[in-house]
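Position 1 is the first residue of the sequence; numbering continues from there. Predicted, not measured: the structure shown is a model, and the values here were computed from it.
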Amino acid sequence: TLKAEKATAEKDAKWNAMKANLPEGWLGAKEPETRKEFEADPGAFALKVVAFKNTQPTETPAEGSGVGQNAGDAESTEEQQFANMAAKFTEKFGIRVV
């Protein structure tokens, strides 16, 4: 029936959207079981994916990457970031950080 086809198309679209955001190696031969788990409780499944992604190590950029054209300029360094943070702290709490 038309309703069943529409429901199936909606389920497929939701699954494809989730599948595109799954970490590498999550599916393979387990795709049918993983899809059943997702369709049973999409919210819990999404939280499981987020929890997994939060436990993965992040890539550290290569040394020197992120250094722009202003290399050596104090305005674009950690010192400036600290100064900005200290100014916000002073503004919020009235305590000057040096």
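Here Pro23 pairs with Trp26, Val49, Phe52, Lys53 under the side-chain contact (heavy atoms from CB on, under 4.5 Å) rule; sequence neighbours left out. Under the side-chain hydrogen bond (donor to acceptor under 3.5 Å, both in side chains) criterion, Asp12 pairs with Arg35, not counting sequence neighbours.
Atom CD of Glu39 sits about 11.0 Å away from atom OG1 of Thr34, to the nearest 0.5 Å. To the nearest 0.5 angstrom, Lys3 atom NZ is 13.5 Å from Glu5 atom CD.
Counting heavy atoms from C-beta on, the side chains of Lys19 and Phe38 never come closer than 4.5 Å.
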